[in-house]
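First comes the structure, then the notes that go with it.
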Amino acid sequence: MSTESAAVAPRPAAVPSPTAVFVALKLSLLRNGLRQSTGRTLAYVASVIVGLLFAAGAVTGLIALRGNDHVGALVVLLTGILTLGWAVMPLFFPTGDETLDPTRLVMLPLRPRPLIVSLLVASLVGIGPVVTLALIVGSVIAVAHGTAAAVVGVLAVVLVVLVCVSLARAVATASVRLLTSRRGRDLAVLSGLFIAIGAQGVNIAAQKLGRPDGLSVLEPLGNVLRWVPPASAVSAVEDAGHGAYGRAVAGLALTALALVLLLWWWQRTLTALMTSPDSSTLQAVEKDSARRGGTGERGLARLLPDGRTGTVMLRTLRYAWRDPKSKMSWATSLAVGLLVPVVSYVQGNGSIYTAFSASALLGMQMYNQFGQDTSAFWMVASTIATPRDAYQELRARALTLAMVAVPYVTLVVVGTAAFIGPWSDFLEVYGLSLAVLGALLATGALSSALFPYSIPSEGNKNVAPGQGAIAWFSLFGGLLIGSVLCAPLLALTIWLHVAGLHHLLWLLLPVGVVYGTGIAELGLRIAAPRVARRLPEILVAVSKG
C-alpha cells in the first residue's frame with residue numbers, strides 16, 4: 001500500500017461508551033413507555049409527585065429530629081428498611097423495569113465487567129434512586145455534627161446508594177430465571193399480601209413511636225443494625241461526629257466491603273447467566289418424560305376418595321396451588337386470618353374472639369366457586385346433568401375447603417388461647433368458629449349458584465367489568481345470611497353467660513360441630529338443584545372475563 005493511500009485511509013469510528021448507551025436506552029424505554037397511553041403517563045407523573053412529596057416530608061422530619069438523642073437508631077433502622085426494600089422489590093415486580101432482565105443482552109458482544117458498570121449507572125436513573133438518595137441525605141444531616149462527620153457523610157451517601165442499587169441488580173440477575181417463569185409471576189401476584197403485612201407492621205411501629213418513650217424503643221434494634229451494611233455507613237457519620245474515628249472507619253469499611261462482595265456476586269451470576277444454557281428449557285423435557293413415565297397416583301392424590309369426589313378435590317387443590325389468583329386468594333386468607341389476632345395482641349387489645357377471623361376468611365373461599373374456574377368451567381358444566389351431579393361437585397369443593405380450614409382454624413384458636421387467653425374460653429370459641437365455617441360453606445354454595453361472576457385471567461382485577469354489583473351482593477349478602485344462620489348458636493352462648501352456667505359452655509364445641517356440619521349439608525342440598533337448573537346462565541356469567 002502506498003504512502004498516499006495510507007494517509008487517506010479512513011479512521012475507525014469511535015466506539016460509543018456502553019455506559020452512555022445504556023443510560024440513553026433507559027431513558028428511551030421510560031419515554032416510550034409513557035407514550036403508550038395517557039393513563040400510564042398520568043400514573044407515572046402521579047407516582048413521581050407522591051414519591052417526591054414523601055421524600056420531602058421524610059427529609060424535613062429527619063432534619064427536625066436533628067439533635068434528638070435517639071435519632072441515630074431511627075436513621076439506622078430507616079437505612080435497613082430501604083435496603084430490604086431494594087432487595088425484595090425485583091422479586092415482586094420483575095416486569096417493572098425491563099433492564100432487570102440481562103438475558104436480553106446475551107447476544108451482544110459485551111464483557112461482564114463493563115456491562116456491570118453500565119447497568120449500575122443506568123440503574124441510578126429513576127424515581128426510586130432519587131427518593132433513596134433524598135432519604136439517605138436526610139439521615140446523614142440528622143446525625144452529622146462537625147466537619148469530620150460531614151466528610152464521612154458524603155462517602156456514606158454514595159456507598160449506601162450504590163449498595164442498594166447493586167443489591168437489587170444482583171438479586172434480579174441471580175433469580176431472573178425464576179422471575180420470568182410461571183412461579184415468578186405467582187410470586188409477583190403475592191406481592192399484595194406482603195405489602196398488606198408490611199402496612200400492618202408500619203401501623204404497629206407508628207403506634208409504638210407515638211408513646212411517651214418515643215424513639216428510645218428503637219435503641220436495642222439500632223445497636224444491632226448499626227454494624228450491618230449499609231446501615232453501618234450511616235452509623236459511621238454519627239460516630240465521626242462524636243470523635244469515635246475508629247468506629248467510623250470500621251463502619252465505612254464494612255459497607256465498602258459489602259459493595260465489593262455484591263459486585264463480585266453480581267459479576268459471577270451475570271457471567272453464568274449469559275454463558276450457560278437455560279435449564280428451564282433443556283431439562284424440562286427430561287423432567288416431563290420422567291414424570292409421565294411413572295404410573296399410578298402419587299402423593300396427596302392417593303389419600304383422596306375415589307370417584308368424582310376425589311377428582312374434584314384434586315382439581316380444586318391444584319387450582320389453589322397453580323392458578324395465580326386462586327393462590328393469592330388462599331394465601332391472603334391464611335395470612336390475614338393469622339395476622340388479625342397477632343396485631344390485636346401487639347396493640348394491647350387482644351381477645352380470643354379475634355380467632356373468628358380464621359374461619360370467616362377461609363369460609364369466604366367458598367363464594368363464587370364456579371367463577372374461580374374461569375373459562376375452564378365449561379368442562380365442569382359438561383359433567384353436570386342432574387341435581388345429584390351438582391351436589392357431588394359442590395360437596396367435593398366444600399370438603400376440599402374444610403380439609404384445609406378445619407386444621408387451620410384449630411391452629412389459630414389454640415394459638416390465640418395460648419398467647420392471649422383465657423384457656424377457659426377455648427372450647428366455646430372453637431365450637432363457634434366451626435359453626436361459622438359451616439354457615440359460610442352453606443351460604444357460599446348458594447351464592448355460587450345464584451350470583452356467579454367472572455374473574456379475569458389477566459390483570460389485577462378480580463371481577464369482570466359490569467359485574468361489580470353482582471360480586472358485592474354475592475359476598476355481603478352471603479355474609480349477612482351466614483350471620484343470621486349463626487344467630488341460634490350465638491343466642492345460646494349469650495344465654496349461658498347471662499345465666500351463669502359457665503360450667504356448661506363446653507357444650508358449645510359439640511353443638512358447634514354438629515350445627516356447622518348440618519347447616520353446611522343443608523346449604524349444599526339447597527344449592528345443588530339451583531346449579532343444575534341455572535347451569536347455562538352460570539356458564540355465561542363466568543365466561544364474560
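Numbering of residues begins at 1 and proceeds along the displayed sequence.
For Ala385 against Asp389, the heavy-atom pair with the smallest separation is N-OD2, 3.1 Å. Of all heavy-atom pairs spanning Ala532 and Ala390, the tightest one is N-CB, 4.2 Å. Here the closest non-hydrogen pair linking Val130 and Leu52 is CG1-CD2, 4.3 Å. Shown here for Ala355 and Thr416, the closest heavy-atom pair between the two residues is CB-OG1, 3.8 Å. Contact record, Ala439 with Gly482: CB-O, 3.9 Å, taken as the closest heavy-atom pair. Annotation for Val484 and Pro488: closest pair O-CD, 3.7 Å, computed over non-hydrogen atoms.
Checking side-chain atoms of Thr517 against main-chain N and O of Val514 turns up no donor-acceptor pair under 3.5 Å. Using a distance-only test at 3.5 Å, with no hydrogens or angles considered, no donor-acceptor pair links the side chain of Ser326 to the main chain of Ala320. The backbone N or O of Ser474 lies less than 3.5 Å from no partner atom in the side chain of Tyr367, so there is not a single donor-acceptor pair. With hydrogens and angles ignored, the 3.5 Å screen pairs no side-chain donor or acceptor of Ser351 with any backbone N or O of Thr354. Panel note: side chain Ser448, backbone Met366; a donor-acceptor pair is recorded below 3.5 Å. Of the possible polar contacts, one joining the Thr383 side chain to the Val380 backbone as a donor-acceptor pair under 3.5 Å is found.
Residues in residues 378-387 take part in no salt bridge (charged side-chain N to carboxylate O under 4.0 Å, His left out) pair, two or more places apart or across chains. Sequence neighbours left out, the pairs with a member in residues 372-396 that pass ring-ring contact (aromatic ring centres under 6.0 Å, His included) are Phe370-Phe377. For residues 516-532, every residue pair satisfying the salt bridge (charged side-chain N to carboxylate O under 4.0 Å, His left out) rule, not counting sequence neighbours, is listed here: Glu521-Arg525. For residues 354-376, the set of pairs meeting the salt bridge (charged side-chain N to carboxylate O under 4.0 Å, His left out) definition, not counting sequence neighbours, comprises Asp373-Arg397.
Qualifying side chain to side chain contact (heavy atoms under 4.5 Å, CB included) partners for Ala499, counting only residues two or more places apart in sequence or in other chains: Trp495, Leu501. Evaluation of the side chain to side chain contact (heavy atoms under 4.5 Å, CB included) rule for Trp423 yields Val414, Ala417, Ala418, Phe426 as partners, not counting sequence neighbours. Under the ring pair (Phe, Tyr, Trp, His ring centres under 6.0 Å) criterion, Phe451 pairs with Phe473, not counting sequence neighbours. Here Trp265 pairs with Ala170, Val171, Ala174, Leu262, Thr269 under the side chain to side chain contact (heavy atoms under 4.5 Å, CB included) rule; sequence neighbours left out. With sequence neighbours left out, the side chain to side chain contact (heavy atoms under 4.5 Å, CB included) criterion links Ala396 to Thr309, Val312, Met313. Looking at residues two or more places apart in sequence or on another chain, you find a side chain to side chain donor-acceptor pair (under 3.5 Å) between Thr132 and Trp86. Evaluation of the ring pair (Phe, Tyr, Trp, His ring centres under 6.0 Å) rule for Tyr453 yields no partner, not counting sequence neighbours. Applying the side chain to side chain donor-acceptor pair (under 3.5 Å) criterion to Tyr430, with sequence neighbours excluded, gives Thr410.
Under 3.5 Å, the side chains of Glu428 and Thr493 contain no donor-acceptor pair of N or O atoms. Side chain to side chain, Thr173 and Trp266 meet the donor-acceptor criterion of an N or O pair below 3.5 Å.
Under the 4.5 Å side-chain criterion, counting only non-hydrogen atoms from C-beta, Gln365 is not in contact with Val404. Between Thr400 and Arg315 the shortest side-chain heavy-atom distance does not fall below 4.5 Å. Within the 4.5 Å cutoff, no side-chain heavy atoms of Ser123 are placed close to those of Pro129. The shortest distance between side-chain heavy atoms of Ser359 and Leu440 does not fall below 4.5 Å. Using a 4.5 Å cut-off on side-chain heavy atoms (C-beta onward), Val340 and Phe356 make no contact. Using a 4.5 Å heavy-atom cutoff, the side chains of Leu135 and Phe54 are in contact. Between Phe419 and Pro341, the closest side-chain pair of non-hydrogen atoms is not below 4.5 Å. Between Leu427 and Leu505, every side-chain heavy-atom pair lies at or beyond the 4.5 Å cut-off.
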Practice task
Apply side chain to side chain contact (heavy atoms under 4.5 Å, CB included) to Leu401 and Trp330, showing your working.
Solution key: CA-CA 10 Å; Leu401 182 57; Trp330 276 88; 3.3 Å; yes
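How far CG of Leu314 is from CG of Leu304: 6.0 Å, rounded to the nearest 0.5 Å. Separating the OG atom in Ser424 from the NE2 atom in His502 is a distance of 9.0 Å, to the nearest 0.5 Å. Atoms CD1 and CG, from Ile538 and Asn368 in turn, are 10.0 Å apart once rounded to the nearest 0.5 Å. Rounded to the nearest 0.5 Å, atoms CD (Glu393) and CD1 (Ile384) are 5.0 Å apart. Atom OG of Ser333 and atom CG of Leu338 lie 12.5 Å apart (nearest 0.5 Å). Note that the CG atom of Leu492 and the CG atom of Leu507 stand 8.0 Å from one another [nearest 0.5 Å].
Shown are Leu524, Leu450, Leu446, Leu394; of these, the side chain to side chain contact (heavy atoms under 4.5 Å, CB included) with Val531 is made only by Leu394.
No more than 12 heavy-atom neighbours from other residues, nucleotides or ligands sit within 6.0 angstrom of CZ on Arg388.
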